[in-house]
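Have a look at the structure below, then the notes.
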Amino acid sequence: MVPISWRRRHPVPQIAVGPREKVLAATVAADGAVLAGTRDAFYLERDGETRRVPWEQVEAAGWDRDTDAFQLSEVGSWGEQRPVHTATLTDPGRLLELVHERVTASIVLQRHVAVAHRRGLRVIARRAPSGSGAVHWVYEYDEGVDPDDPAVRAAARDALELAQRDVGLP
């Protein structure tokens, strides 16, 4: 149990979350934005707008201890700009641990397939950490790999079919 005196000095930021969701960790950014995480999603509330990002849609997240810069990028489509959310966090609290744990829990499978020497692509299967919902399959291409190259497309197709068979999921 957290002592009441500690709560007075460190109030828990308030943020509206989805039905049947409970905030597990939250912090306030230097600009007043509220960042929070539930079992199912990451939340960012800034300037009266709330953005909900399901954990299986988080491509990457990190915090630079030297600059206090937090960055979370969403899964996107090849060739399109991915949504990126940034904030300056002087006291991230438990939020960083929660982000790492929930994103990791959403990965069903991640496999690298070489196409040209060491360069290639990753076949990634993601699902909501709760286990509900469909499995989403995505490719992540190494720098310099052209997804429109017929050899790359064939390797990606074969790798996806093998991965789906291996985990027994469509």
Side-chain angles (χ1 to χ4, degrees), residues 1-3 6-7 9-47 49-78 80-113 118 120-143 159-160 163-164 166-167 169:
M1 180 177 268
V2 178
W6 187 90
R7 286 186 189 152
R9 288 192 313 265
H10 302 87
V12 176
Q14 298 297 308
I15 186 168
V17 296
R20 296 179 300 282
E21 287 189 83
K22 176 184 172 188
V23 173
L24 301 176
T27 192
V28 177
D31 67 356
V34 177
L35 291 78
T38 68
R39 180 175 183 227
D40 299 324
F42 170 81
Y43 283 85
L44 172 64
E45 184 179 84
R46 178 179 277 143
D47 300 326
E49 300 280 325
T50 301
R51 174 76 175 166
R52 180 183 189 275
V53 182
W55 295 119
E56 65 274 17
Q57 293 299 312
V58 174
E59 191 259 336
W63 180 63
D64 184 323
R65 182 183 315 264
D66 296 331
T67 63
D68 294 334
F70 174 81
Q71 181 171 311
L72 182 138
S73 59
E74 296 184 40
V75 171
S77 297
W78 177 257
E80 294 178 16
Q81 189 169 350
R82 296 176 184 186
V84 176
H85 310 284
T86 60
T88 301
L89 304 179
T90 56
D91 182 17
R94 293 188 48 243
L95 184 66
L96 300 177
E97 293 173 44
L98 181 68
V99 169
H100 176 74
E101 187 274 327
R102 294 282 78 197
V103 170
T104 300
S106 75
I107 299 170
V108 176
L109 175 133
Q110 182 170 289
R111 180 177 294 162
H112 187 266
V113 177
R118 292 183 180 175
L121 61 106
R122 278 174 193 72
V123 177
I124 304 168
R126 306 273 307 269
R127 167 188 280 165
S130 65
S132 64
V135 172
H136 300 278
W137 294 90
V138 296
Y139 299 114
E140 193 173 274
Y141 300 94
D142 292 342
E143 188 72 32
L160 176 61
Q164 288 175 332
D166 286 351
V167 296
L169 295 171

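Numbering of residues begins at 1 and proceeds along the displayed sequence.
With contacts defined as side-chain heavy-atom distances shorter than 4.5 Å, the pair Trp63/Asp68 qualifies. Counting heavy atoms from C-beta outward, Arg111 and Asp166 have side chains that approach closer than 4.5 Å.
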What do the steps show when you test Leu96 against Phe70 for side-chain contact (heavy atoms from CB on, under 4.5 Å), and what is the final call?
CA-CA 9 Å; Leu96 300 177; Phe70 174 81; 3.8 Å; yes
What do the steps show when you test Glu59 against Glu140 for side-chain contact (heavy atoms from CB on, under 4.5 Å), and what is the final call?
CA-CA 10 Å; Glu59 191 259 336; Glu140 193 173 274; 3.3 Å; yes
Test Tyr139 against Val123 for side-chain contact (heavy atoms from CB on, under 4.5 Å), laying out the working first.
CA-CA 5 Å; Tyr139 299 114; Val123 177; 4.0 Å; yes
Would you please test Arg122 and His112 for side-chain contact (heavy atoms from CB on, under 4.5 Å) and show each step?
CA-CA 4 Å; Arg122 278 174 193 72; His112 187 266; 3.7 Å; yes
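Between Ile107 atom CD1 and Trp55 atom CH2 the span is 12.5 Å, to the nearest 0.5 Å. In this structure, CG in Leu95 is found 6.0 Å from CZ in Phe42, a value given to the nearest 0.5 Å. Note that CG of Leu89 and OG1 of Thr67 are 10.0 Å apart. Values are rounded to the nearest 0.5 Å. We find the CD1-CD distance between Ile15 and Glu45 to be 4.5 Å, quoted to the nearest 0.5 Å. Here Ile124 contributes atom CD1 and Leu109 contributes atom CG; the two are 9.0 Å apart, rounded to the nearest 0.5 Å. Between atom CG of residue Leu35 and atom CG of residue Leu72 there is a gap of 8.5 Å, rounded to the nearest 0.5 Å.
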Show the atom names and distances, to 0.1 Å, of all donor-acceptor pairs under 3.5 Å that link a side chain in residues 27-34 to residues at least two apart or in another chain.
residue, atom, partner, partner atom, Å
Thr27, OG1, Asp91, O, 2.6
Asp31, OD1, Ala33, N, 2.9
Asp31, OD2, Arg46, NE, 2.9
Asp31, OD2, Arg46, NH2, 3.2

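Side-chain atoms of Ser106 come within 3.5 Å of backbone atoms of Val103 as a donor-acceptor pair (strictly under, hydrogens ignored). For Tyr43 (side chain) and Val23 (main-chain N/O), no donor-acceptor pair under 3.5 Å exists by modelled atom type.
With Glu74 as reference, Arg51 is the one residue of Arg82, Arg51, Arg52, Arg126 to meet the salt bridge (Lys or Arg N to Asp or Glu O under 4.0 Å) rule.
The two residues Pro54 and Ala41 come nearest to each other via the heavy atoms CA-CB, 3.9 Å. Of all non-hydrogen atoms in Thr38 and Leu98, the two that sit nearest each other are N-CD2, 4.2 Å.
In this structure, a donor-acceptor pair under 3.5 Å is absent between the side chains of Thr86 and Gln71.
The pair Arg102-Asp40 does not meet the salt-bridge criterion, since no charged nitrogen lies less than 4.0 angstrom from a carboxylate oxygen.
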